[in-house]
Number of protein chains: 2
Amino acid sequence: MSTSRTSTPQTAGAGARSTLTRARVLAEAVALADSEGLGALTMRSLARELGIEAMSLYHHVASKEDLLDGVAEVVVREILDAVGALEPAPEDTPPAEWKHALRRRILTARSVLLRHPWAPSVLETRTGFSPYVVRYHDALVALLHRGGLSYDLVHHAMHALGSRALGFSQELFDPGGPGGDPAAAPEPDDEDLLARLTDEAPHIVAMLAEVAHVEPDSTLGWCDDQAEFEFGLDLILDGLERLAARGSR
Amino acid sequence: MSTSRTSTPQTAGAGARSTLTRARVLAEAVALADSEGLGALTMRSLARELGIEAMSLYHHVASKEDLLDGVAEVVVREILDAVGALEPAPEDTPPAEWKHALRRRILTARSVLLRHPWAPSVLETRTGFSPYVVRYHDALVALLHRGGLSYDLVHHAMHALGSRALGFSQELFDPGGPGGDPAAAPEPDDEDLLARLTDEAPHIVAMLAEVAHVEPDSTLGWCDDQAEFEFGLDLILDGLERLAARGSR
DNA sequence: ACCTGAACACCGTTCAAGT
DNA sequence: ACCTGAACACCGTTCAAGT
């Protein structure tokens with residue numbers, strides 16, 4: 001479902017739209033993935049949404065792969081905008097506050113990704129050096145180095161953060177999380193699943209019984225993604241801080 | 001390329017193989033992904049490899065999705081076998097050594113995944129609760145809890161580890177890493193790339209110039225995946241240890 | 001220059017039919 | 001019961017042709 005049909009004025013009958021640009025193609029692709037999921041983003045469906053024939057897309061995009069590159073770029077640019085709007089500006093933050101500044105940037109990036117739950121799986125598969133991704137990471141490197149961390153430690157830090165630097169993490173048991181396809185999220189189907197888990201994973205069940213906010217037999221109680229993300233992030237940031245204090249490692 | 005054609009005796013002419021089982025289908029799927037990459041694993045190519053018609057696969061596998069579930073299961077079972085062979089056995093390790101025991105298990109899991117570079121991208125997309133994945137994580141939970149960590153801290157720990165618990169991590173700039181498709185790994189194309197990066201990412205370039213073992217203008221010098229994985233893992237494990245010492249948090 | 005229709009070489013999968 | 005061939009509904013993409 002989309003309002004693209006009527007969102008811009010056009011000459012009466014034919015399907016010709018104002019003028020197609022790469023930017024409009026990418027924006028529509030993002031909108032389509034937002035509303036229908038990444039699986040629904042095909043060259044044909046995207047063209048339909050734009051009131052155009054599939055083959056016309058190839059005038060603005062070299063291939064499906066290039067389309068996904070562009071889509072990733074749009075999302076990361078959105079992150080850069082959000083992060084750039086932070087106060088105080090990164091250059092004005094006292095170097096010693098690198099940890100809080102980094103934390104804030106990463107959580108801001110995450111808040112953008114929460115609006116595009118499909119984005120992590122696209123970002124994961126981009127192998128090239130997208131200019132905006134590089135620029136984002138370069139700013140993080142600058143922040144850490146200005147904070148007094150040696151380049152050696154900064155390098156380790158970037159690896160340790162991994163995709164967390166962009167605000168998402170790999171949660172193997174979190175089908176509803178930022179990386180998951182909403183359509184693929186299974187109904188917890190509590191009764192059977194819990195019985196199975198009690199057999200196969202008694203310790204996990206015991207853990208969840210103690211930890212989960214809800215009773216484990218009512219729903220399985222998906223965990224608080226945001227809180228767990230921050231826990232893991234802080235674990236890493238605190239560790240880095242400790243290493244930095246220990247004489248730039 | 002595969003030796004499956006002659007790997008088992010068979011009656012002279014026809015394509016009928018000993019007898020097809022789900023296990024044999026899955027084993028061949030893993031072998032195919034190992035040798036040709038995940039992209040080359042299609043129902044048709046797998047059938048061809050087995051000397052069979054594509055539709056016959058549906059007698060042993062409900063769908064492609066089910067095939068991938070099974071393939072993931074094979075890999076995780078391989079991890080469980082490798083981890084089970086560790087000495088001393090997990091139940092016999094002194095509880096206080098939970099950190100080293102956990103570290104060893106995770107690095108063992110990683111060594112298995114290094115033999116199946118495509119496996120992380122399959123594991124990432126499994127949304128169900130695979131019995132073997134659950135069992136593996138249950139053992140980790142038991143290890144941590146026996147080590148004296150509260151279930152609350154163990155729960156945070158599992159989230160913080162994320163996919164790292166199974167031995168892989170999300171490296172956005174590591175196309176050749178465990179998560180990458182070898183076919184998609186780009187030639188570093190040093191000249192242009194470095195020029196571009198010097199513009200877009202001066203701090204990253206400065207960092208790499210200081211850190212990389214090789215000169216940055218000869219090759220970009222991909223980082224030491226194993227060392228960086230261990231750095232990040234230890235950062236998390238040390239942090240957990242500190243929290244545990246601080247009175248089970 | 002931009003857009004199109006028909007066609008190609010793939011997918012996963014259904015279905016009725018063979019043994 | 002297990003396996004098959006033809007066919008269906010999709011993909012991304014090529015190509016020659018339209019304006």
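Just so we're clear, the structure is a prediction, and the values are computed from it rather than from any experiment. Naming: A, B, ... by sequence-line order, numbering from 1 per chain.
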Would a distance-only check, ignoring hydrogens and angles, find a side-chain to backbone donor-acceptor pair under 3.5 Å from B/Y132 to B/I79?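 No, because the side chain of B/Y132 does not come within donor-acceptor range (under 3.5 Å) of the backbone of B/I79.
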Looking for any heavy atom pair under 4.0 Å, which part of the strands does B/M55 touch: base, sugar-phosphate only, or nothing? base
Touch class at under 4.0 angstrom, heavy-atom based, for A/T42 against every strand present: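 Here A/T42 touches the backbone only, sparing every base.
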What is the distance, rounded to the nearest whole Å, between atom [atom1] of [X] and atom [atom2] of [N]?
{"X": "A/M43", "N": "D/dC11", "atom1": "CE", "atom2": "P", "value": "12 Å"}
{"X": "A/R48", "N": "D/dC10", "atom1": "CZ", "atom2": "P", "value": "9 Å"}
{"X": "B/L57", "N": "C/dC15", "atom1": "CG", "atom2": "P", "value": "18 Å"}
{"X": "B/Y58", "N": "D/dG5", "atom1": "OH", "atom2": "C1'", "value": "15 Å"}
{"X": "A/L50", "N": "C/dT4", "atom1": "CG", "atom2": "P", "value": "11 Å"}
{"X": "A/I52", "N": "C/dC2", "atom1": "CD1", "atom2": "C1'", "value": "9 Å"}

Looking at the side chain of [X], which of [options] is the nearest nucleotide?
{"X": "B/H59", "options": "D/dC3, C/dT13, D/dG12", "result": "D/dC3"}
{"X": "A/R44", "options": "C/dG12, C/dT14, D/dT13", "result": "D/dT13"}
{"X": "B/E53", "options": "D/dT4, C/dT4, C/dC3", "result": "D/dT4"}
{"X": "B/S56", "options": "D/dG12, C/dT13, D/dT4", "result": "D/dT4"}

Tell me whether the NZ or CZ atom of B/R196 lies within the 45° cone about the ring axis of A/F129 and under 6.0 Å from its centre.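 Judged by the rule (NZ or CZ under 6.0 Å from the ring centre, within 45° of its axis), B/R196 is not positioned above A/F129.
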Determine, for B/R22 against B/D66, whether the closest basic-nitrogen to carboxylate-oxygen distance falls under 4.0 angstrom.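 Yes.
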Taking B/D69 first and then B/R126, would you say they form a salt bridge - that is, a charged N and a carboxylate O separated by under 4.0 Å? yes
Identity of whatever pairs with C/dT13 - Watson-Crick or G-U, under 3.5 angstrom: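 Across any shown strand, C/dT13 pairs with D/dA7.
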When you check the phosphate oxygens OP1 and OP2 of D/dC3, does a side-chain N or O of B/H60 lie under 4.0 Å from one of them?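 Yes.
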